[in-house]
Visitor: 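Let me begin by handing over the structure; questions about it come next.
Lettering follows sequence order; numbering is per chain, from 1. When reading the values below, keep in mind they use all heavy atoms of this one structure, side chains included, and skip hydrogens, waters and symmetry mates.
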2 protein chains.
Amino acid sequence: MERTIRSCDVPEATIQRLPLYLEKLKLLQGIGVEDVSSRQLAESLDIKASQLRHDFHYFGGFSRPGRPYRVAILVDALEQIIGVDTPVPTVIVGAGHLGQALANYPGLELQGFPIRGIFDANPKLQGLEIRGQAIRDLDELETVCRKEGVKIGVITVPATSAQDVANRLVAAGVTGLMNFAPTELKVPAHVSVRHERLSVGFMALSFKVKCGQSARAKTEIVTDKD
Amino acid sequence: MERTIRSCDVPEATIQRLPLYLEKLKLLQGIGVEDVSSRQLAESLDIKASQLRHDFHYFGGFSRPGRPYRVAILVDALEQIIGVDTPVPTVIVGAGHLGQALANYPGLELQGFPIRGIFDANPKLQGLEIRGQAIRDLDELETVCRKEGVKIGVITVPATSAQDVANRLVAAGVTGLMNFAPTELKVPAHVSVRHERLSVGFMALSFKVKCGQSARAKTEIVTDKD
DNA sequence: AGTAATCTGTTCAAAATATCACAGATTAAA
DNA sequence: TTTAATCTGTGATATTTTGAACAGATTACT
C-alpha cells in the first residue's frame, strides 16, 4: 500500500474516469454527503463498483476494508492526483463563437482552470470584454503565457492556423493543448494534446441512432453480487 | 465478403474511429486526392494501418488486395454507414453561450446535421436570430421535432432541467441525445445518449500535464513493417 | 459476545481491443 | 516474363480493460 502516488503509468482508461469521479464527488460534497461506498458512487456513474475500486487502487487506497470512502478525503486526493489542487492557468486562443462560449463558461474556473487570457488576431474583437477580461491581440500571447505561467492552451482558431498557434504556445512554455480545430497537431514529446472533435461526437451518435439501439441496454437487472 | 453492411454489432472502439476516417477522407477528397492506402490514412491519424483495415473489415472490404482505397468510394460508404448520407435533422435546446456557439458552428450542417430549431425558455432570447434561424420558445419543441422529423437533440441547458428536456425530446420522437449538461440522463433503451463533458477533457489533460509527459511518446521510430 | 451485513483491497478470469504476420492480388519495372 | 514492391483481407496473437470473486476489516444489532 503505502500510498505511492506515482500518478503516472496509470492506464488510459482509468485516467479518463478520474475526472468523472471527482465531478460526482464534488457534487455530493456540495449537498453535504460525507460518506460514499464504491457501489453508490459507481452506480451513479453507470459503471461497476469493482472497476471503481480498481481505479482507485492504482493510487494506493483511499479507505480501508469495512469503511466506505470519505467524500472529503477522496475529493482532496483526486484533486491532487489530477493536478487541480492548485489553479491551472489557462489561455484561450481564438475568440470566435466557440472561444467566447468557453470563456463565458463559469465551470472552467470552478474546476480549476482560470482563464488568464483570451486572444484573437481579429482587431474588431480585441477589447471586447468577456467575464471581465478583454480579448487581447495575438501578439501578446507569449508575454502573457510567460508572465502568468500558463500551463494549458485552448485552441479555437481555424484549422489553417492551429499548428502555428500550437507552436507559439509550446514555445511560450505551455505543456498542455486542448485542440478544437479539426486538424492534427505536431508537438514535442513533453507536450500533451487533447483533441476535442465536436463532429466526431455527432457522427458516433448518428451511427448509433441509425442502428436503432443504444449499444448497451439500459434495462439490465442490477444483480451486482459484488 | 459480399458487403453485408450489418452496421450494428460493431465494436465501440471502431465506432469512435469511423468519424475520424470520414473527416480525414473528406479533407483528402477536398484537395483532389483520389487514392489512399491504409498506411497513409492511418499514419495521418496516428494509428496503426492494421487497425484501420481491421475496422473497415467489419463492413466487408472497400477495396481488394493489391489496390489502395479509392477516396470517393470510402467517403460514400462511410457516410452511409454512419448515417449522414442524408441530412440528420437536429435541434438545440438551450440558447446560452454554448448553445449559441453550436448553432453558429457551420461544421455541423456541413457534416450532415442541419439545425432545425433552437429553443430556450428565456423570453429575452426568443426571437434572436442565429444563422438565419430565430430562437424559439421551449413550448414549440414538440411541434417542431415532430414536424421536422428531428433525430438528434442537443441539450445545452443547466443540469437541473436537462432530464426534463431529455424526456420531452424522447417523447417527441428524438432517438439521439447529445448532452452537454453535467448530469447523467435516464432514457429508454431505444435512445442513445452521448455525454460531452468539457471539464472532463480539461482534467484528463491536466493529469497528463502534471505527469510531465504525453502518454505516448511521439518520437517513436516508424518501423511499421506491416 | 455473537451474528449478519456491509465494505474495501486485491487477485484472478473473461472480454474487448490492438498489434502482428502473412497469403494472395496487383502493379511497375527490368 | 520475371522480379520486386505495394497493397488489402484475414486469422492468430499480445495487450489492455472489464468484471467477478473473495479474504479480511468494520459496524450494527441481537
Visitor: Is B:Ser50 close enough to C:dT19 that one of its side-chain N or O atoms is under 4.0 Å from OP1 or OP2 there?
Guide: no
Visitor: What's A:Phe56 touching, base or sugar-phosphate or nothing? Going by heavy atoms closer than 4.0 Å.
Guide: nothing
Visitor: Classify the angle between the aromatic ring planes of B:Tyr21 and B:Phe56 as parallel (below 30°), tilted (30 to 60°) or perpendicular (above 60°).
Guide: perpendicular
Visitor: Does B:Arg64 put a side-chain nitrogen or oxygen below 4.0 Å from OP1 or OP2 of D:dG9?
Guide: no
Visitor: I'd like a list of close polar pairs between nucleotides 11-18 of chain C and the protein, N/O only, cut-off under 3.5 Å.
Guide:
from, atom 1, to, atom 2, distance (Å)
C:dA18, OP1, B:Arg17, NH1, 3.2
C:dA18, OP2, B:Arg17, NH1, 3.2
C:dA18, OP2, B:Arg17, NH2, 2.9
C:dA18, OP2, B:Gln51, NE2, 3.2
C:dA18, O5', B:Gln51, NE2, 3.0

Visitor: If you only use heavy atoms from C-beta on, which nucleotide in D:dG9, C:dG9, C:dC7 is closest to the side chain of B:Ser63?
Guide: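 Nearest to the side chain of B:Ser63 among the choices is D:dG9.
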Visitor: In this structure, how many angstroms lie between the P atom of C:dT27 and the CG atom of B:Asp35, rounded?
Guide: 11 Å
Visitor: Specify the separation, in whole Å, of atom CZ of A:Arg70 and atom P of C:dT8.
Guide: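 In whole Å, C:dT8 P and A:Arg70 CZ are 13 Å from each other.
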Visitor: In whole angstroms, how far is the P atom of C:dC7 from the CG atom of A:Leu52?
Guide: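 To the nearest whole Å, that distance equals 13 Å.
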Visitor: Looking at A:Arg39, I'd like to know whether one of its side-chain N or O atoms comes within less than 4.0 Å of OP1 or OP2 on C:dC7.
Guide: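 For A:Arg39, the contact criterion (side-chain N or O under 4.0 Å from OP1 or OP2 of C:dC7) is met.
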Visitor: It should be established whether A:Tyr69 places a side-chain nitrogen or oxygen under 4.0 Å from OP1 or OP2 of nucleotide C:dG9.
Guide: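 For C:dG9, OP1/OP2 do have a side-chain N/O of A:Tyr69 under 4.0 Å.
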Visitor: Quick one: which of D:dG24, C:dG24, C:dT26 gets closest to the side chain of B:Pro65?
Guide: C:dG24
Visitor: Within the structure provided, determine whether B:Phe207 and A:Pro19 are in side-chain contact (heavy-atom separation under 4.5 Å).
Guide: no
Visitor: Roughly how many Å is it from CG in A:Leu41 to C1' in C:dC7, rounded to a whole number?
Guide: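 Answer to the nearest Å: 14 Å.
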Visitor: Side chains of B:Gln51 and B:Asp55 only: does a donor on one sit below 3.5 Å from an acceptor on the other?
Guide: no
Visitor: Find the distance B:Arg53:CZ to C:dA23:P and express it as a whole number of Å.
Guide: 14 Å
Visitor: To the nearest Å, give me how far apart CD1 (B:Ile47) and P (C:dT19) are.
Guide: 9 Å
Visitor: State, yes or no, whether a side-chain contact exists between B:Arg70 and B:Asp35 at a heavy-atom distance under 4.5 Å.
Guide: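 SC-SC contact between B:Arg70 and B:Asp35 confirmed.
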Visitor: Without hydrogens or angle criteria, can the side chains of A:Gln80 and A:Asp76 be said to hold a donor-acceptor pair below 3.5 Å?
Guide: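 No.
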Visitor: Does this structure show an ion pair linking A:Arg197 with A:Glu184, if we count only N-O contacts that are shorter than 4.0 Å?
Guide: yes
Visitor: Is any side-chain heavy atom of B:Leu169 less than 4.5 Å from a side-chain heavy atom of B:Ile155?
Guide: yes
Visitor: How many Å lie between CG on A:Asp9 and P on D:dT15, as a whole number?
Guide: 16 Å
